[in-house]
Amino acid sequence: MVEEMIKYVYKLNEEELTELVYAIKDRRDILRYENLKNFKVGDKVKWVHGRGINKENYTGEVYKVNTTTVGIKTSNKPWSRWRISPSMLTKIKGDES
């Protein structure tokens, strides 16, 4: 299905492409907001930062839910704070890490 959509995109003129871009951005905003609602202060979360061999796994606790990101305090360094997109986070249940 995606291949068909890509072929269709190549047939659009500039005005139609602009409308499509705005529709995609709106849809991404809606998905981000829906995902953001899954987090609340006190939730334990994990995420991966970096690429290739430099990937590191982190765990932390939600201390703030912003309009587009989630504020996280890391478990091993309480002074270390991150703002992360909710799509990059996974909730931890119990002592899982």
Side-chain angles (χ1 to χ4, degrees):
M1 184 173 169
V2 174
E3 290 177 12
E4 292 174 25
M5 285 191 255
I6 292 172
K7 287 178 185 176
Y8 182 73
V9 166
Y10 280 105
K11 297 175 184 176
L12 300 176
N13 63 35
E14 190 169 348
E15 185 178 324
E16 293 167 331
L17 279 172
T18 302
E19 287 182 41
L20 180 62
V21 167
Y22 285 127
I24 290 170
K25 287 181 179 182
D26 288 344
R27 180 66 179 142
R28 288 180 119 179
D29 288 344
I30 290 167
L31 291 174
R32 186 181 310 114
Y33 178 73
E34 288 174 356
N35 200 1
L36 199 60
K37 291 190 302 185
N38 295 326
F39 296 96
K40 63 184 185 303
V41 173
D43 284 346
K44 305 285 188 220
V45 294
K46 64 182 178 179
W47 71 98
V48 177
H49 178 70
R51 292 184 176 171
I53 61 171
N54 295 323
K55 282 186 181 179
E56 285 191 56
N57 295 314
Y58 289 89
T59 59
E61 183 178 326
V62 175
Y63 73 89
K64 185 176 183 181
V65 178
N66 301 306
T67 54
T68 59
T69 61
V70 178
I72 310 291
K73 290 189 285 191
T74 57
S75 302
N76 57 347
K77 299 177 188 173
W79 64 88
S80 178
R81 296 179 180 229
W82 297 66
R83 284 190 326 233
I84 303 175
S85 171
S87 63
M88 297 177 65
L89 296 172
T90 305
K91 277 190 181 181
I92 298 174
K93 295 180 180 163
D95 287 338
E96 176 190 338
S97 51

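Positions are given from 1 along the sequence. Since the structure is predicted, the reported quantities are computational estimates derived from the model, not experimental observations.
Nearest approach of Lys46 to Ile92, heavy atoms of both residues: CB-CD1, 3.7 Å.
Under the 4.5 Å side-chain heavy-atom criterion for ILVMFWY residues, a single connected hydrophobic cluster contains both Tyr8 and Ile24.
Exactly one residue among Lys91, Lys40, Lys44 makes a salt bridge (charged side-chain N to carboxylate O under 4.0 Å, His left out) with Glu61. That residue is Lys44. Exactly one residue among Asn13, Leu17, Thr18 makes a side chain to side chain contact (heavy atoms under 4.5 Å, CB included) with Glu15. That residue is Asn13.
One distance of note links CG of Asp43 with OG1 of Thr90; it measures 12.0 Å at 0.5 Å rounding.
Grouped with Ile84 in one hydrophobic cluster are Leu36, Phe39, Val45, Trp47, Tyr58, Val62, Val65, Val70, Ile72, Trp82, Met88, Leu89, the linkage being side-chain heavy-atom contacts under 4.5 Å among Ile, Leu, Val, Met, Phe, Trp and Tyr residues.
Surrounding CD of Glu34 are more than 12 heavy atoms belonging to other residues, nucleotides or ligands, all under 6.0 Å away.
The side-chain heavy atoms of Arg32 and Ser87, taken from C-beta on, include no pair separated by under 4.5 Å.
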